[in-house]
Number of protein chains: 2
Amino acid sequence: MTRKIPQSTVRRLSHYLRSLEGFEGSGGTISSEELAARGQTTAAQVRKDLSHFGSFGKRGLGYQVDELRARLRQILGIDRSWRVGLVGAGRIGLALFDYPAFQARGYDCVAIFDADPAKIGEAWGEQTVRSPDVFEEVLRELDVELVILAIPASAAQEMAERAVEAGVKGILNFAPIRLNVPPKVPVQDVNLVMELEALSFAISQAERNA
Amino acid sequence: MTRKIPQSTVRRLSHYLRSLEGFEGSGGTISSEELAARGQTTAAQVRKDLSHFGSFGKRGLGYQVDELRARLRQILGIDRSWRVGLVGAGRIGLALFDYPAFQARGYDCVAIFDADPAKIGEAWGEQTVRSPDVFEEVLRELDVELVILAIPASAAQEMAERAVEAGVKGILNFAPIRLNVPPKVPVQDVNLVMELEALSFAISQAERNA
DNA sequence: TGTTGTGAAGTATTTCACAGCC
DNA sequence: GGCTGTGAAATACTTCACAACA
C-alpha cells in the first residue's frame, strides 16, 4: 500500500468526493458505474482508483456512501483541519481568503502577510495583514502547516525557502515559477496563464482540424 | 501533423515559453538540455515535444531563441489577441481582470457580466459590469471568442450553454462542475479546492511514508 | 444476481540511443 | 564535435474481463 499514486488518480478522488456531496440523505449505496457517470470516467477506473487504498466496497451492492465519503476525506487528508498562512494580500490572495469552499473543507487561514507597507495592519475578517519581517516567527508560533504563495515570481523562491525553514509542510504556489524546495515539502502549482494558454491551444487545434 | 497532443505536452510548451521570457538579449541559441534544466523535464522530452510541430532546431547548435519563442507562441495560439468575456464580477473575477500577465499575453477583457443588481453598472477600468440579460447580444456584438466563468456551480451550466449559443469558441471554467457542452468548444477547468486537496493528499502521503 | 477487486491486455507517454546533419 | 530528430524500448496508465463473493 501507499505506492506512488499518480496525480490523475488524486484528481479523480477529489471528483468522487464532490460527486457524493450532493447525494440523497445517508445510508444509501452507490456503484462504481454511477460514480463514473458523475465524474468523467469509467467504472473500471473508479474501482481501480479506490482499490489502491484498500477494498471498501461490497460485492453485489456497491459502496456505502457514508463510508466512502469518510474514506475519501481521510485519503485526501481533509478529515482534519489545516492551518494555512496566506502570503500576498493582493487580488488573488483576497479571492482565496474569501473563498467559502476553503473554510468548508477545513482550511483555516490563520495569518496573512504582505510586503506592501500600505497593506500591513489592514484588517481582513479576524486577521490583520502582517509584515514579512515576522514571517518565520509567526508561522512557528501559530503552527502553520501550509502556505499559499500569492505573490510575484520574483519573491516566491525566497518566501518558499523561509516557509520551509519555518517548518511548513506544503506549499500552494500561484507564482509562475518552479520552486526549488526539498522533496519532503510538496508543492502544488496553480498557473493561471498556463490554463489560458492550454485553452487557446485547444481552440487553435480545433480550428486547424476543422 | 496535428495528431492529438497530450495535455502534459501543452503544459510543458507553456513552460518552455516562460523559460525563454527571461532570456538574455536576442540572437542566442539554447539547447534542449538547457531548456530541460529550466523546466522540470529531460532533454529528450523537450525534443519530442517540439518535434510534434515540425523540426525547427539546428543540429549541433540548438534552437534559436527568437524563432523558438515565435513558434511556441504560434503553437499555443497566443500569436494573436483574444477577446475575452468575464462572467462573474466577484473576488475571483476581479483578481483575473486585474492580472497583469493576462493583458501582456494578449487576452483582452472586453465585457464583464454579473447577475447581482448591486454590481451592474459598476465601472471596472474601462469596462462596466453588465446584466446577464444582454449576455448573448453583447457577446455577439463584441465578437467575444472566449469566456471565463467565475461564478457559482449552480449558474455555470446555464451560462456555458448561452455562451456556446452565442458563438464562443472556448471556456475557462472556475466553477467546480463538469460543463456539458459540444465537443467543438474546449473547456479548461480550474478547480482551486481540488488543488488544495491534491496538496493535502501529498502531505499526508509524505507523512505516511516517513 | 449484481457488483467489486484485480491480474492481464491494451494504450499512451516517456526515455533511450543513435543516425543524420550543422 | 555537438546536438537534433526519431524509431525502438521501457514505463506508466487505462480498460478489459472474469473469478470471488455479499
Side-chain angles (χ1 to χ4, degrees), chain A residues 1-16 19-20 23 27-72 75 198 201-202 205, chain B residues 1-16 19-20 23 27-72 75 198 201-202 205:
Chain A
M1 206 154 145
T2 48
R3 35 207 147 160
K4 222 189 94 235
I5 305 294
Q7 186 78 356
S8 51
T9 296
V10 179
R11 302 181 88 87
R12 284 191 302 264
L13 293 176
S14 179
H15 266 303
Y16 303 153
S19 301
L20 294 178
F23 202 78
T29 78
I30 191 169
S31 67
S32 55
E33 197 71 60
E34 291 174 272
L35 220 27
R38 288 152 190 262
Q40 191 76 160
T41 182
T42 66
Q45 184 72 76
V46 171
R47 296 200 298 276
K48 187 70 95 183
D49 286 341
L50 296 176
S51 76
H52 290 136
F53 303 94
S55 51
F56 33 93
K58 297 261 181 297
R59 294 174 196 234
L61 284 173
Y63 301 88
Q64 191 165 357
V65 173
D66 288 345
E67 193 200 334
L68 181 55
R69 199 160 19 210
R71 297 294 265 115
L72 285 171
I75 293 166
F201 173 81
Q205 282 293 92
Chain B
M1 204 154 147
T2 47
R3 35 209 146 158
K4 220 187 97 236
I5 305 295
Q7 186 78 356
S8 50
T9 295
V10 178
R11 301 180 89 85
R12 284 192 302 264
L13 293 176
S14 180
H15 266 302
Y16 303 152
S19 301
L20 295 178
F23 202 77
T29 76
I30 191 169
S31 68
S32 55
E33 197 70 59
E34 291 173 272
L35 219 27
R38 287 153 192 261
Q40 191 77 159
T41 184
T42 65
Q45 184 74 76
V46 172
R47 295 200 299 275
K48 185 71 94 181
D49 286 342
L50 296 176
S51 75
H52 290 136
F53 303 96
S55 51
F56 34 94
K58 297 263 180 296
R59 294 173 196 234
L61 284 173
Y63 301 88
Q64 190 166 358
V65 173
D66 288 345
E67 193 199 334
L68 182 55
R69 201 164 12 215
R71 298 293 265 116
L72 285 171
I75 292 165
F201 173 80
Q205 282 292 94

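Chain naming here is simple, since letters A, B, ... match the order of the sequence lines and numbering starts at 1 in each. The figures here come from the full heavy-atom set of this structure, side chains too, leaving out hydrogens, waters and symmetry mates.
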**Q** When we call it a touch if two heavy atoms are under 4.0 Å apart, what does T41(A) touch: a base, just sugar-phosphate, or nothing?
**A** nothing
**Q** Hey, which sits more toward the 5' end of DNA chain D by its nearest nucleotide, K58(A) or R59(B)?
**A** R59(B)
**Q** List for me each residue that meets salt bridge (Lys or Arg N to Asp or Glu O under 4.0 Å) alongside R47(B), sequence neighbours excluded, and say none if there are none.
**A** none
**Q** Which residues pass the side chain to side chain donor-acceptor pair (under 3.5 Å) test with E67(B), not counting sequence neighbours?
**A** none
**Q** My understanding is that only residues two or more places apart in sequence, or in another chain, count here; which of them pass side chain to side chain donor-acceptor pair (under 3.5 Å) with T41(B)?
**A** none
**Q** Run the side chain to side chain contact (heavy atoms under 4.5 Å, CB included) test against T42(B) and tell me which residues pass, sequence neighbours left out.
**A** A44(B), Q45(B)
**Q** What closest approach, in Å, do G39(B) and S19(B) show between heavy atoms, and which atom pair accounts for it?
**A** N-OG, 4.5 Å
**Q** Between which nucleotides of DNA chain D, 5' to 3', does chain B make heavy-atom contacts below 4.0 Å?
**A** dG2(D) to dA8(D)
**Q** According to side chain to side chain contact (heavy atoms under 4.5 Å, CB included), who are the partners of S51(B), at least two apart in sequence or on a separate chain?
**A** K48(B)
**Q** For R47(A) and R12(A), take the nucleotide of DNA chain D holding the closest heavy atom to each; which residue's nucleotide lies nearer the 5' end?
**A** R12(A)
**Q** Could you tell me the boundaries of the chain A footprint on DNA chain C, defined by atoms under 4.0 Å from its heavy atoms?
**A** dG2(C) to dA8(C)
**Q** By side chain to side chain contact (heavy atoms under 4.5 Å, CB included), which residues pair with T9(B), not counting sequence neighbours?
**A** I5(B), P6(B), R12(B), L13(B), D49(B), H52(B)
**Q** Could you work out, with side chain to side chain contact (heavy atoms under 4.5 Å, CB included) as the rule, every residue matching A198(A), not counting sequence neighbours?
**A** Q7(B), V10(B), Q188(B)
